[in-house]
There are 2 protein chains.
Amino acid sequence: MTTHADRDARSRRAPLSKERVLYAAMGLADKEGLDSLTMRRLGQKLGVEAMSLYNHVANKDDLLDGMVDIAFSEIDLSSNGPDWKSIMRRRAMSAREMLARHPWAVGLMESRATAGPANLRHHDSVIGSLRKGGFSIEMAAHAYSLMDSYIYGFALQHRNMPVGARKQAPEAAQTFLRRFRAEEYPYLAEMVTGHAMKSGYDYGDEFEFGLDLILNGLERLRDAA
Amino acid sequence: MTTHADRDARSRRAPLSKERVLYAAMGLADKEGLDSLTMRRLGQKLGVEAMSLYNHVANKDDLLDGMVDIAFSEIDLSSNGPDWKSIMRRRAMSAREMLARHPWAVGLMESRATAGPANLRHHDSVIGSLRKGGFSIEMAAHAYSLMDSYIYGFALQHRNMPVGARKQAPEAAQTFLRRFRAEEYPYLAEMVTGHAMKSGYDYGDEFEFGLDLILNGLERLRDAA
DNA sequence: ACCTGAACACCGTTCAAGT
DNA sequence: ACCTGAACACCGTTCAAGT
């Protein structure tokens, strides 16, 4: 039965478009996780039957591809800066923020076979910054592979942490410790109690240590060449 | 209807066990991808109905947890070696090989909340090697985070490459180039044509460049402390 | 103790039918 | 042109019933 309220809600809502579908999907995945993103739930969120979505995306893979490309477009690529290093540093920090905002993105990259336009633009911009910074093609390939492996790997590790460990390390570490006898894993126990359990510890802070080690190493190699 | 052949096959087969279920699941995921690993297909492979599997694993998550822990146990942790650096290098290379053998493993780590015994043993061994090598707790935490982010991130990147790019780069790069006009992404085009398309190029070879840069950087910081 | 068949509540996706 | 309802072939998982 179609009530007046239904009809009102339907006429009031903005018309569907691929863009609206993609942003609604991102919002759902951000808030409730990628598992909660089903065509039926997404349709429900948009006040529409699941089948209507197929008027705007070819299928679920197309939906996921679109989401990933939007995520890519959120990374800061501005190439004004004193040198390649500061540009790469800003990009890396921005990528990490994006991956923290959209925890599903790192897991989704895996299966996306075809890179979208934002992704291609991203590749081009990064390689361009390195080349203009004096890197040879080979060195630019090395550098890019290294930086992105670190960025995405860090996001993966961060995401795998027991939820609590990201913000309130101490409590999480305690429940963690309870799971095994300290004698069995002495070094691990030492690290948990003597480091991760300290208040104020946030695994996210580890990012800049590795990033700077990598950027400094690349700088050294570039200068030597 | 139960035929003689059915009965024979069933009596001939080894009795099911958690171990057999886990190894069959790994074989299926290795060969046909994680998407192909369904309880029904796994049961079929073992000559059993899907429901029988629940006698040996609590549910699918338990199955995946078990697979991940076996994968972890395949990483070489032997701690004989001249120094922390060579131990860490061998571990990293071994981890990368494991992740290449089991491409599903890196994607699965994401959702595994509870680390298995092999995983905990792994953590303890790595931290132990670093501590014995003269790293402070803080530096060991930095180093571990950096190395593993790189290892898993590299595996993720490697897995995301279009299939062909892993072995036969030139063909893959050509079809890649056909997808966009070179003028639009000049630096990307330069890299593809001038680097990735060269015969003999294998993205997997990039791993050691980054690994050694990281290990050398860590060594420098350790020596300075 | 282990395995099975039927059933349940979900998926993504198709297709003819509505407006 | 866009949306819907019913249907299809799949999932993971349960439960009572078989041996």
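Side chains are part of it too, since the values below use all heavy atoms of this structure and drop only hydrogens, waters and symmetry mates. Residue numbers start from 1 in every chain, and the chains themselves are labelled A, B, ... in the order their sequence lines are given, proteins ahead of strands. Since this is a predicted model, take the numbers as computed values, not measurements.
Taking atom CG of residue Asp61(A) and atom P of nucleotide dG12(C), one finds them 11 Å apart after rounding to whole Å. When rounded to the nearest whole Å, the span between CE of Met51(B) and P of dA17(D) equals 17 Å. One can place CG of Leu37(A) at 15 Å from C1' of dC10(C), the figure rounded to the nearest angstrom. As a whole-Å value, the separation of Leu42(B) CG from dG12(D) C1' is 13 Å. We find that NZ of Lys60(A) is positioned 8 Å from P of dT13(C), with the value rounded to whole Å. Atom-to-atom, CD of Gln44(B) to P of dC10(D) comes out at 11 Å; the value is rounded to the nearest Å. Summarising the geometry, the separation between CG on Asp35(A) and C1' on dG12(C) is reported as 15 Å, rounded to the nearest angstrom. Taking atom CG on Leu53(A) and atom P on dT4(D), their separation rounds to 10 Å, with Å as the unit.
Side chain of Thr38(A), nearest nucleotide from dG12(C), dG5(C), dT14(C): dG12(C). Proximity note for Glu49(B) (side chain, C-beta onward) versus dA6(D), dC3(D), dT4(C): the nearest is dT4(C). Listed nucleotides dC3(C), dG12(D), dG12(C) differ in distance to Leu16(B); the shortest reach to its side chain belongs to dC3(C). Listed nucleotides: dC3(D), dC3(C), dC15(C). Nearest to the side chain of Val48(B): dC3(C). The side chain of His56(A) has dC3(D) as its nearest neighbour among dG5(D), dT13(C), dC3(D).
Across all strands shown, dG12(D) forms a Watson-Crick or G-U wobble pair, both distances under 3.5 Å, with dC8(C). Across all strands shown, dA17(C) remains unpaired; no Watson-Crick or G-U wobble contact has both distances below 3.5 Å.
Enclosure of atom CD in Glu138(B) by more than 12 non-hydrogen atoms of other residues, nucleotides or ligands within 6.0 angstrom is indicated.
Taking the six-membered ring where the residue is Trp, Tyr144(A) and His122(A) present parallel rings, their angle staying beneath 30° rather than reaching 60°. Ring pair Tyr150(B)/Phe207(B) is parallel by interplanar angle, where below 30° counts as parallel and above 60° as perpendicular.
Here Met39(B) lies in heavy-atom contact (under 4.0 Å) with sugar-phosphate atoms only.
Nucleotides of DNA chain D nearest to Asn55(A) and Arg40(A) differ in position, and the one nearer the 5' end is that of Asn55(A).
Contact of the Met93(A) side chain with the Asp76(A) side chain is not registered, since no non-hydrogen atoms from C-beta on lie closer than 4.5 Å.
Ser52(A) has no side-chain polar atom (N or O) that falls below the 4.0 Å cut-off from OP1 or OP2 of dC2(D).
The backbone N or O of Glu32(A) sits less than 3.5 Å from a side-chain atom of Ser36(A), completing a donor-acceptor pair.
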